[in-house]
Peer 1: 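For reference, the structure I am asking about is given below.
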Amino acid sequence: MITAIANQKGGVAKTTSTISLGGLLAQQFSCLAIDLDPQGNLTTGLGVEVSDNQLTTYEVITETAEILDAVVATKSGLNLLPADISLAKGETELLGKVGNFYILKERLEPAREKFQHILIDCPPSLGLLTVNALAAADTLLIPVQCQFFALKGLEALLETVGSVKKRLNPRLKILGVLPTMAEKNTVMTQDVINTLKQQLEGIKVFDPVPKSVKFAESNLAGEPIHIYVGSGKLVQPYRALIKQMVAES
């Protein structure tokens, strides 16, 4: 199953969630995480430094390398298709190609056969890279920070998802919305979660992920949160989400 993790707003824990989910999935399944963001935060967050001769997402989407040749193993057991700033150039190069919305989907086919779960960490935009991810994905997970201004961008994202389903990928399903950076005892967090549930009729709102500096520390250590802190309240929302993902696959 291919799951895109997307929200055009930055700083909502897309990358942290990809690392957390991927690390847990890799304990039970063959799993690949794809860095589709030119900032390369997923790559560095998994402890991988892109060398001069390393194949990356850029080479894969520009059809100069096969995806399985570019995949690297990480110390957590999660496989990674790394990215760096060259991917920004790759998005521009895709603009002139025929069928450019489907290039990632086509390039992913060998990986779909090898890996039971593929997670795509999307860039903070609704550009061509994100649309490629949505066209390739079976399901979409939307992380949303527990702040009121974070709710405003959801409408644009859902409109894009609707267009992708209509024109490019009718099988795309929204897995749900994942509230992140939640301070459970605050009125703000409770109001945001209640508003999400009211506004997103028919879309599942998962248990919120607590706000904690441990997530940033684990990214710096190049480890998924369950390896960095063990089990506990920071890991539990991701474990619950994985049950839904496995049920959908």
Peer 1: Quick check: is L172 connected to L168 through a chain of hydrophobic side chains (ILVMFWY, heavy atoms under 4.5 Å apart)?
Peer 2: yes

Peer 1: Output, in order, the C-alpha distance, side-chain angles, deciding distance and verdict of side-chain contact (heavy atoms from CB on, under 4.5 Å) for E66 and E59.
Peer 2: CA-CA 8 Å; E66 296 299 324; E59 283 79 20; over 6 Å; no

Peer 1: Could you tell me if Q198 and T195 have a donor-acceptor pair between their side chains, going purely by distance under 3.5 Å?
Peer 2: no

Peer 1: Quick one: does F215's side chain get under 4.5 Å of T180's, heavy atoms only?
Peer 2: no

Peer 1: K89: what forms a salt bridge (Lys or Arg N to Asp or Glu O under 4.0 Å) with it, not counting sequence neighbours?
Peer 2: none

Peer 1: Roughly how far, to the nearest 0.5 Å, is CD of E223 from CG of L46?
Peer 2: 10.5 Å

Peer 1: Looking only at heavy atoms, what is the nearest atom pair of M181 and C146, with distance?
Peer 2: O-CB, 4.1 Å

Peer 1: Please report the closest heavy-atom contact between A83 and T56, naming both atoms and the distance.
Peer 2: CA-CB, 4.2 Å

Peer 1: Under the criterion side-chain contact (heavy atoms from CB on, under 4.5 Å), I'd like the reasoning laid out for V209 against S17: C-alpha separation, chi angles, the key distance, then a yes or no.
Peer 2: CA-CA 9 Å; V209 178; S17 295; 5.5 Å; no

Peer 1: If we only count heavy atoms from C-beta on, is the M188 to T186 side-chain gap below 4.5 Å?
Peer 2: yes

Peer 1: Around E155, counting heavy atoms of other residues, nucleotides and ligands shown, do more than 12 lie under 6.0 Å from its CD?
Peer 2: no

Peer 1: Measuring only between side-chain heavy atoms, which start at C-beta, is E93 closer than 4.5 Å to Y58?
Peer 2: yes

Peer 1: Can you tell me how far apart CE (M1) and OG1 (T139) are? Round to the nearest 0.5 Å.
Peer 2: 4.0 Å

Peer 1: As an exercise, state the distance from CD1 of I61 to CG of L94, rounded to the nearest 0.5 Å.
Peer 2: 4.0 Å

Peer 1: Evaluate side-chain contact (heavy atoms from CB on, under 4.5 Å) for D37 paired with L42, printing each intermediate quantity in order.
Peer 2: CA-CA 8 Å; D37 186 348; L42 178 66; over 6 Å; no

Peer 1: Taking the side chain as everything from C-beta on, heavy atoms only, tell me whether P210 gets closer than 4.5 Å to L234.
Peer 2: yes

Peer 1: I would like to know whether Q116 and S30 meet side-chain contact (heavy atoms from CB on, under 4.5 Å); could you show each step before the answer?
Peer 2: CA-CA 5 Å; Q116 293 166 285; S30 55; 3.3 Å; yes

Peer 1: Counting C-beta onward and ignoring hydrogens, is there a side-chain heavy-atom pair between F206 and L175 closer than 4.5 Å?
Peer 2: yes

Peer 1: Go through the steps for D138 and K173 under the test salt bridge (charged side-chain N to carboxylate O under 4.0 Å, His left out), then give the verdict.
Peer 2: CA-CA 6 Å; D138 303 302; K173 180 178 180 181; over 6 Å; no

Peer 1: I need the I142 CD1 to L200 CG distance, nearest 0.5 Å.
Peer 2: 7.5 Å

Peer 1: Can L95 be reached from I103 by stepping across I, L, V, M, F, W or Y side chains whose heavy atoms are under 4.5 Å apart?
Peer 2: yes

Peer 1: Using side-chain contact (heavy atoms from CB on, under 4.5 Å) as the criterion, point out the one residue from L140, L141, T18, L25 that pairs with T3.
Peer 2: L141

Peer 1: Does any non-hydrogen side-chain atom of S125 lie less than 4.5 Å from one of T130?
Peer 2: yes

Peer 1: Over all heavy atoms of both residues, which pair between N169 and A135 is shortest? Give the atoms and the distance, please.
Peer 2: ND2-O, 3.3 Å

Peer 1: Please round to the nearest 0.5 Å and tell me the distance separating atom NZ of K214 and atom NZ of K233.
Peer 2: 11.0 Å

Peer 1: Between L80 and L21, is there a shared hydrophobic cluster once you connect ILVMFWY residues whose side-chain heavy atoms come closer than 4.5 Å?
Peer 2: no

Peer 1: Please check if M245 and I34 belong to a single hydrophobic cluster, counting links between Ile, Leu, Val, Met, Phe, Trp and Tyr side chain heavy atoms closer than 4.5 Å.
Peer 2: no

Peer 1: Hey, does L24 have a side-chain heavy atom less than 4.5 Å from the side chain of L241?
Peer 2: no

Peer 1: Testing the basics here: between A136 and I2, what is the closest heavy-atom pair and its distance to 0.1 Å?
Peer 2: O-CD1, 3.6 Å

Peer 1: Search all heavy atoms of E91 against all heavy atoms of L129 and return the closest pair with its distance.
Peer 2: OE2-N, 3.1 Å

Peer 1: In the structure I gave you, are the side-chain heavy atoms of K14 and I5 within less than 4.5 Å of one another anywhere?
Peer 2: yes

Peer 1: Would you say N185 has more than 12 foreign heavy atoms packed within less than 6.0 Å of its CG?
Peer 2: no

Peer 1: Looking at D121, T43, N41, D35, which hits side chain to side chain donor-acceptor pair (under 3.5 Å) with T15?
Peer 2: D121

Peer 1: Report, as yes or no, whether the 6.0 Å neighbourhood of atom CZ on F101 holds more than 12 heavy atoms from other residues, nucleotides or ligands.
Peer 2: no

Peer 1: Take atom CD in Q54; do more than 12 heavy atoms of anything else shown fall under 6.0 Å from it?
Peer 2: yes

Peer 1: Could you measure the distance from the CD atom of Q236 to the CG atom of D207? Nearest 0.5 Å is fine.
Peer 2: 8.0 Å

Peer 1: Any chance NZ of K97 has more than 12 other-residue heavy atoms, nucleotides or ligands included, within less than 6.0 Å?
Peer 2: yes

Peer 1: Any donor-acceptor pair under 3.5 Å linking the side chain of R107 with the backbone of T62?
Peer 2: no

Peer 1: Closest approach of Y228 and E217, non-hydrogen atoms and distance?
Peer 2: OH-OE1, 3.1 Å

Peer 1: Does one hydrophobic cluster hold both I120 and L81, with members joined at side-chain heavy-atom distances below 4.5 Å?
Peer 2: yes

